[in-house]
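Every value quoted in this text rests on a predicted model; they were computed, and no experiment measured them. Position 1 is the first residue of the sequence, and the numbers go up from there.
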Amino acid sequence: MSAAPHQNPVGIDELLERVRAGYRRVEAREAYDTARTGEALLVDIRYAALRERDGLIPGAVVVERNELEWRLDPRGSHRLPEATGHDLRIVLICNEGYASSLAAASLHQLGLHRATDLVGGFQSWRSAGLPVTPPGA
């Protein structure tokens, strides 16, 4: 068996540009409004040290990045109760809006076509003056 020829490598900036072209990202205020009305599920994928340092977004489900696909796949045996179907609107939140873009692309591959991410991540949410539960609260 011969190995498939390797494609030309792509840099992370180009990869981000490609995956973000496949969906519409949301700003902090829109994410807040859609979560508040029940139109979207906010999913915080930041790792524990960042959540402990900066606090939490009230109502957001915490799913660390390495468990994301297993927890949000509506057909998965380890899914969250909130993972009700492929039409679920999911807004992923990382620290600054980079890892969440790659995570959204991964969810699209699972058929979660309404998955998106927050431009600027948690930092933009906090800068917009939106609710944050302080660390240790």
Side-chain angles (χ1 to χ4, degrees):
M1 254 165 96
S2 64
H6 292 285
Q7 294 179 350
N8 289 334
V10 61
I12 189 60
D13 293 329
E14 184 180 345
L15 179 60
L16 280 171
E17 186 178 316
R18 285 182 190 179
V19 300
R20 288 173 175 168
Y23 63 94
R24 188 180 69 78
R25 302 176 78 207
V26 297
E27 298 288 338
R29 177 54 64 177
E30 181 182 353
Y32 173 76
D33 290 342
T34 58
R36 200 184 62 199
T37 60
E39 297 173 54
L41 176 66
L42 300 182
V43 180
D44 186 342
I45 65 170
R46 294 175 300 146
Y47 54 90
L50 289 175
R51 295 190 313 267
E52 290 166 7
R53 182 190 77 189
D54 293 338
L56 299 169
I57 294 172
V61 176
V62 174
V63 180
E64 290 201 17
R65 176 64 191 96
N66 64 326
E67 297 180 355
L68 188 68
E69 291 81 359
W70 286 267
R71 307 300 272 156
L72 293 179
D73 179 0
R75 293 190 271 179
S77 59
H78 293 85
R79 72 181 175 278
L80 294 171
E82 294 88 349
T84 55
H86 287 93
D87 284 337
L88 180 64
R89 185 167 186 204
I90 299 166
V91 178
L92 299 171
I93 303 164
C94 66
N95 193 48
E96 296 181 342
Y98 296 101
S100 56
S101 294
L102 298 176
S106 181
L107 293 183
H108 284 219
Q109 290 180 321
L110 290 176
L112 293 158
H113 59 95
R114 295 183 70 205
T116 187
D117 75 317
L118 178 62
V119 175
F122 179 86
Q123 299 306 323
S124 72
W125 178 281
R126 185 169 60 183
S127 294
L130 296 170
V132 173
T133 302

At what distance, to the nearest 0.5 angstrom, does [atom1] of [X] lie from [atom2] of [Y]?
| X | Y | atom1 | atom2 | result |
| --- | --- | --- | --- | --- |
| Trp125 | Leu42 | CH2 | CG | 5.0 Å |
| Leu107 | Leu68 | CG | CG | 4.5 Å |
| Ser100 | Arg20 | OG | CZ | 7.0 Å |

Please name the pair of heavy atoms, one in [X] and one in [Y], separated by the smallest distance, quoted to 0.1 Å.
| X | Y | answer |
| --- | --- | --- |
| Pro58 | Pro131 | CD-O, 3.3 Å |
| Leu130 | Ala28 | CD1-O, 3.5 Å |
| Leu88 | Ala83 | CD2-CA, 4.2 Å |
| Glu52 | Pro135 | O-CB, 2.9 Å |

Only pairs at least two apart or in different chains count here, so list each ring-ring contact (aromatic ring centres under 6.0 Å, His included) that has a residue in residues 89-114.
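Residue pairs passing ring-ring contact (aromatic ring centres under 6.0 Å, His included), neighbours aside: Tyr23-His108.
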Look at the side-chain heavy atoms of Ile, Leu, Val, Met, Phe, Trp and Tyr, link any pair under 4.5 Å apart, and say whether [X] and [Y] land in one connected group.
| X | Y | answer |
| --- | --- | --- |
| Val63 | Phe122 | no |
| Leu110 | Val19 | no |
| Tyr32 | Val43 | no |
| Val132 | Val26 | yes |

Please name all residues satisfying side-chain hydrogen bond (donor to acceptor under 3.5 Å, both in side chains) with [X], sequence neighbours left out, ordered by chain then number.
| X | answer |
| --- | --- |
| Arg53 | none |
| Thr37 | Glu39 |
| Arg18 | Glu14 |

Tell me every residue that passes side-chain contact (heavy atoms from CB on, under 4.5 Å) with Gln109, counting only those two or more places apart in sequence or in another chain.
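Listed in chain order: nothing, the list is empty.
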For residues 111-137, pull every pair meeting salt bridge (Lys or Arg N to Asp or Glu O under 4.0 Å), keeping only residues two or more places apart or in separate chains.
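Every pair satisfying salt bridge (Lys or Arg N to Asp or Glu O under 4.0 Å) with a residue in residues 111-137: Arg25-Asp117, Asp54-Arg126.
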Pairs where residues 57-66 contributes a residue and the test salt bridge (Lys or Arg N to Asp or Glu O under 4.0 Å) is met, not counting sequence neighbours
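Only Arg51-Glu64, Arg65-Glu69 qualify under salt bridge (Lys or Arg N to Asp or Glu O under 4.0 Å).
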Would you mind listing the cluster partners of Leu56? Hydrophobic ones only (ILVMFWY), side-chain contacts under 4.5 Å, chaining allowed.
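Members besides Leu56, by chain and number: Val62.
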Just distance, no hydrogens or angles: give the donor-acceptor pairs under 3.5 Å from side chains in residues 72-81, sequence neighbours left out.
unit_1	atom_1	unit_2	atom_2	d
Asp73	OD1	Arg75	N	3.0
Arg79	NE	Pro74	O	3.4
Arg79	NH1	Gly76	O	2.8

Ignoring hydrogens and angles, write down the donor-acceptor pairs under 3.5 Å from the side chains of residues 89-96, residues two or more places apart or on other chains.
unit_1	atom_1	unit_2	atom_2	d
Arg89	NH2	Glu30	OE2	3.1
Asn95	OD1	Gln123	NE2	2.8

Quick one: does any side-chain atom of Ser124 pair with a main-chain N or O of Val119 as donor and acceptor, under 3.5 Å?
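Between the backbone of Val119 and the side chain of Ser124 there is a qualifying donor-acceptor contact (under 3.5 Å).
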